[in-house]
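What you see is a predicted model, and the numbers here were worked out from it, not measured in a lab.
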Amino acid sequence: MDRIELLDSGAVTTEAVKPHAFRWGWVLPLAVSVACGFLALSTSDAPMRWFVVYLVGTVGLPVALLLYNAYALQLTAILLSLQAYMCLTLLPGNGTGADARGLEIHLTTLLCVVAVTMRWSEIATRGVRLTGTMVAPFLTVMGTLAFATLLNREHKAGVIMMSAQVQYFLAYLAIMNLVTDQRYARVAIAAILLTVITQSGVYFVEYATHKTFTLMGEVVDHSQDLLQRHGGLVSTHPSGFAEFMNLVTLVSVALYLAAPAAGWRRRAAMAAILGTTAILLTLTRAAWIGFVLGAVMLVATGFRRGWLSTGAVGTMAVAGLVMVVLFIQPITGVFMKQHEEDLDERVVLQEMALMVIESRPILGVGPGAYPMEFRNYAVDRGFNGYWAFTVHNHYMLRAAEAGLPGLIAMLWLFWRAWMLAWGSMRLRSPVTSRLGLGVAAGMVALFFQFYFDIGDGSCVHFALWCLFGLLEALRTLEERGEIVGFEDGVAA
């Protein structure tokens, strides 16, 4: 059986590959996708057309645009699955905390296992890579979570939270071992752009139908709401969607503004415009500010390194202004809200969290246990009668659950991640350096938004760790002397 390679010029070349690798490379990812889709359809009342939109975007388009062999499909399936909150729940949750949804095995995890299994002989021959920049920070974070779980009374929530962290890390290892040459690197980045385009399209459908839906069968009707705010397939809440989109859209913006190849810039321009529009329609102030901060960092750094042109930046700015004008009515509605009331509510939640941190600064109340425990401390300190909810601050939440050691470990992980992206900009590879710029800018936006959000969405954390793995893989390629460029070719 032949391997099919699709080039920009329209020419198609073939090269012999092992029949079983081609066949199973197609069958396994598609079988998992179809099975999960069938389960979601059969257990929910969501209209089938919503699932058709997703399946066409995640199966049809990759087959048409990105494939050059079975392994490319596996890698593409992993990265496209980042945009879908879809998982198998093994232990039912109790409705609060980290165990609200139970012990989840995510679709991304399953696809990573499938891809690594199918390429295991190749990976084992080359040498399995288990070391990288993010390994030590991850182990430190896991150590603080395990310590806080063991020494607190709520163990189930802690185990569930740690299982999610392990799955994020497995995705990092999988991508790091699957991207083995510059063809796979270009396919991976093209899949990220396609993810932005697909998820933006889903959000536009939700905005037009006034309904938020997920592949887990969740449906939220917003037809009676003054402001239409949705979550895409990433979340049922706009902040979760905006966190995910801020990260991957700024990667698209970096590729549009800084990529030297015209083919890449056209694709990145589409993703950047659609992604920016989707973020704008989330009507989320923290996401807007975070995006602007990330974009300012991106433009300033890009100009300093000589990667950006004034014309490209001007085009992007004009496109952004046009989107603002088109959606000026809902944007005006956001600024007409009672900002003082929203701020006061968040301040009260942060004061409650500070009470918990002051009471248990070393151990916290246990990973995932904050929603079940914080009321005890709030009532004792005079907060009885106030609106009580999980603190909308990712950093305070980690300090309250895993103590100050847990917060310090998480901040160290974030710092090492940002330095991984920043250091990638100094490499000779045009692909790696531009991707590093986009990831660094995306993290600026995301880490700002984390100050105003719970930040526990699985999709955004999977996306983060996959991008870390991709940067590690690209750095390894350069160390081997293989410079990944933007020259036209597969998915270019």
>> I need the Leu467 CG to Ile192 CD1 distance, nearest 0.5 Å.
In response: 5.0 Å

> Of all heavy-atom pairs between Glu401 and Ala148, which one has the smallest distance, and what is that distance?
Replying inline: O-CB, 4.0 Å

> Counting distance only, does the side-chain N/O of Gln199 pair as donor-acceptor with the main-chain N or O of Leu233 below 3.5 Å?
Replying inline: yes

> Short question: side chain of Glu478, backbone of Ser429 - any donor-acceptor pair under 3.5 Å?
Replying inline: yes

>> I need the Thr236 OG1 to Arg229 CZ distance, nearest 0.5 Å.
In response: 12.0 Å

> In terms of the angle between their ring planes, are Phe414 and Tyr395 parallel, tilted or perpendicular, with boundaries placed at 30° and 60°?
Replying inline: perpendicular

> Would you say Arg265's side chain and Tyr256's backbone share a donor-acceptor pair under 3.5 angstrom?
Replying inline: yes

> Is there a side-chain contact between Ser458 and Tyr168, using heavy atoms and a 4.5 Å cut-off?
Replying inline: yes

>> Could you check, using the six-membered ring where one of them is a Trp, whether His106 and Phe462 have ring centers closer than 6.0 angstrom?
In response: yes

>> Side chains of Gln165 and Leu145, heavy atoms from C-beta outward: is any pair under 4.5 Å?
In response: yes

> At their closest point, which heavy atom of Ala369 faces which heavy atom of Ala157, and how far apart are they?
Replying inline: N-CB, 4.3 Å

> Which is it for Glu243 and Asp453 under the side chain to side chain contact (heavy atoms under 4.5 Å, CB included) test, yes or no, and what are the steps along the way?
Replying inline: CA-CA 9 Å; Glu243 288 168 0; Asp453 290 329; 3.2 Å; yes

>> Taking CE in Met297 as the centre, count heavy atoms belonging to other residues, nucleotides or ligands within less than 6.0 Å. Is the count above 12?
In response: yes

> For the rings on Tyr172 and Phe169, is their centre-to-centre separation under 6.0 Å?
Replying inline: yes

> Is there a side-chain contact between Cys466 and Leu82, using heavy atoms and a 4.5 Å cut-off?
Replying inline: yes

>> Is there a side chain to side chain contact (heavy atoms under 4.5 Å, CB included) between Gln449 and Phe291? Walk through the geometry before answering.
In response: CA-CA 9 Å; Gln449 198 174 348; Phe291 182 85; over 6 Å; no

>> More than 12 heavy atoms of other residues, nucleotides or ligands under 6.0 Å from CH2 of Trp415: yes or no?
In response: no

> What distance separates Met142 CE from Met161 CE, expressed to the nearest 0.5 Å?
Replying inline: 9.5 Å

> Is Arg305 reaching over with its side chain to a backbone N or O of Trp307, donor-acceptor style, under 3.5 angstrom?
Replying inline: no

> Hey, mind stepping through Arg475 and Glu472 against salt bridge (Lys or Arg N to Asp or Glu O under 4.0 Å) and telling me if it holds?
Replying inline: CA-CA 5 Å; Arg475 188 172 64 176; Glu472 295 270 25; 2.9 Å; yes

> What is the minimum heavy-atom distance between Val166 and Phe138, and which atoms define it?
Replying inline: CA-CZ, 4.1 Å

> Would a distance-only check, ignoring hydrogens and angles, find a side-chain to backbone donor-acceptor pair under 3.5 Å from His461 to Gly455?
Replying inline: yes

>> Using 0.5 Å steps for rounding, measure from the OG1 atom of Thr390 to the CD1 atom of Ile454.
In response: 5.0 Å

>> If you compare all heavy atoms of Asp221 against all heavy atoms of Lys211, which two are closest, and at what distance to 0.1 Å?
In response: OD2-NZ, 4.0 Å

> With no hydrogens and no angle check, do the side chains of Ser81 and Thr108 hold a donor and an acceptor under 3.5 Å apart?
Replying inline: yes

> Side chain of Trp288, backbone of Ile279: donor and acceptor closer than 3.5 Å?
Replying inline: yes

>> If you count every heavy atom of other residues, nucleotides or ligands that lies below 6.0 Å from Tyr451 atom OH, does the total exceed 12?
In response: no

>> Show the nearest heavy-atom pair for residues Val196 and Gly275, with the distance to one decimal.
In response: CG1-CA, 3.9 Å

> Given the rule in the side chain to side chain contact (heavy atoms under 4.5 Å, CB included) test, do Leu130 and Val135 qualify, once you have shown the distances and angles that lead to the verdict?
Replying inline: CA-CA 8 Å; Leu130 298 175; Val135 174; over 6 Å; no

>> How close do Ala409 and Thr140 get, counting heavy atoms only, and between which atoms?
In response: CB-CG2, 3.8 Å

